[in-house]
Amino acid sequence: MTTQTTGIPPAERNGRRTWLREHSELGVCVLLLALGVLVLTDALTMDVDIAQRGPVGPKTVPVVVGAGLLVIAALLAVDVLRGGRGQAETGEDVDLSEPADWRTVLLLAGVFLGAAVLIEPLGFPVAGALLFWGAAFALGSRRIDRDPLIAAGLSLVTYVVFNNLLGVPLPGGPLMGVL
């Protein structure tokens with residue numbers, strides 16, 4: 001007896017589902033493979049002026065990382081297909097029978113998206129402070145007296161370190177003239 005929607009007998013469909021469930025680590029292999037191809041493609045198509053290159057060049061590390069990702073994906077796929085399984089976590093104190101805390105996940109996602117949208121018009125110091133404060137709030141901190149001050153301090157220190165010490169320009173926004 002076959003189903004009308006797929007044409008695959010139920011026993012065979014259940015066998016495929018069981019096989020996929022038993023080899024779910026192959027999904028990680030596919031992710032690593034895609035990431036490796038993406039990194040290699042981006043590195044190999046990078047436009048680099050030969051006069052600006054040093055002895056190693058800007059393509060070297062991405063090519064090594066991309067190739068490493070491809071090798072790891074292949075080795076992991078071979079291991080999984082030979083019956084290898086990851087060891088279960090024993091050190092985590094997580095009750096897997098409890099549902100996920102989607103409120104926290106959605107709050108954090110909103111905070112990150114908000115910071116990404118606000119970083120250009122408001123600058124990193126303000127957007128970073130909102131990011132740190134919002135993340136602390138989403139994760140349960142309700143100290144309104146100290147959290148904004150800590151967030152502002154972290155954001156300013158991060159801005160100064162990256163912008164002034166490391167030479168990585170970050171948008172300053174309205175505070176550009178002050179900092």
Side-chain angles (χ1 to χ4, degrees), residues 21 24-43 45-48 52 54 56-70 72-73 76 85-179:
R21 194 172 296 122
S24 61
E25 293 93 347
L26 290 175
V28 175
C29 298
V30 171
L31 180 67
L32 290 173
L33 177 74
L35 193 58
V37 168
L38 178 69
V39 169
L40 278 175
T41 302
D42 198 33
T45 59
M46 187 184 303
D47 186 28
V48 178
Q52 295 177 343
V56 175
K59 291 184 178 184
T60 305
V61 172
V63 167
V64 169
V65 168
L69 286 168
L70 294 178
I72 290 171
L76 181 60
R85 306 266 318 160
Q87 293 181 353
E89 286 284 333
T90 58
E92 291 288 326
D93 188 21
V94 176
D95 186 4
L96 296 177
S97 64
E98 290 292 320
D101 184 7
W102 288 108
R103 178 183 177 275
T104 301
V105 171
L106 292 174
L107 277 172
L108 282 172
V111 166
F112 285 123
L113 287 173
V117 169
L118 295 175
I119 196 167
E120 197 60 42
L122 297 180
F124 182 84
V126 175
L130 293 173
L131 171 70
F132 292 136
W133 189 16
F137 181 84
L139 294 172
S141 179
R142 300 295 185 259
R143 296 288 309 265
I144 296 175
D145 56 335
R146 79 161 184 216
D147 288 349
L149 296 174
I150 293 172
L154 278 172
S155 183
L156 286 174
V157 167
T158 304
Y159 177 79
V160 168
V161 166
F162 274 86
N163 199 57
N164 298 347
L165 298 178
L166 296 176
V168 177
L170 295 174
L175 298 176
M176 185 64 110
V178 177
L179 301 175

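Counting from 1, the numbers follow the sequence of the chain as shown. Only a predicted model underlies this, so the values are computations on that prediction, with no experimental measurement involved.
Atom CG in Asn164 sits 6.5 Å away from atom OH in Tyr159 (nearest 0.5 Å). Remark: Ile144 CD1 to Phe137 CZ distance equals 7.5 Å, nearest 0.5 Å. Atom CG of Leu33 is separated from atom CG of Leu26 by 11.5 Å, given to the nearest 0.5 angstrom. With rounding to the nearest 0.5 angstrom, the NZ atom of Lys59 is 7.5 Å from the OG1 atom of Thr45.
In this structure, the side chain of Asn163 engages the main chain of Leu170 through a donor-acceptor pair within 3.5 Å.
Between Cys29 and Ala73, the shortest heavy-atom contact is O-CB, 3.6 Å. Of all heavy-atom pairs spanning Ser155 and Ala129, the tightest one is OG-N, 3.2 Å. Across all non-hydrogen atoms, the minimal contact from Asp147 to Ala136 is OD2-CB, 4.4 Å. Contact detail for Leu40 and Val63: the closest heavy-atom pair is CD2-O, 3.6 Å.
In this structure, Thr41 has no side-chain hydrogen bond (donor to acceptor under 3.5 Å, both in side chains) partners at least two apart in sequence or on a different chain. A search for salt bridge (Lys or Arg N to Asp or Glu O under 4.0 Å) contacts involving Asp145 returns Arg143, not counting sequence neighbours.
Residues Pro62 and Val65 fail the side-chain proximity criterion, which asks for heavy atoms closer than 4.5 Å.
Paired with Val37 under the rule side chain to side chain contact (heavy atoms under 4.5 Å, CB included), one option of Asp42, Leu32, Leu69, Leu70 passes, and it is Leu70.
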Solution key, residues 100-124 side-chain donor-acceptor pairs under 3.5 Å, sequence neighbours excluded:
from: Asp101; atom 1: OD2; to: Thr104; atom 2: OG1; distance (Å): 2.5

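Within 6.0 Å of CG on Leu165 lie more than 12 heavy atoms contributed by other residues, nucleotides or ligands.
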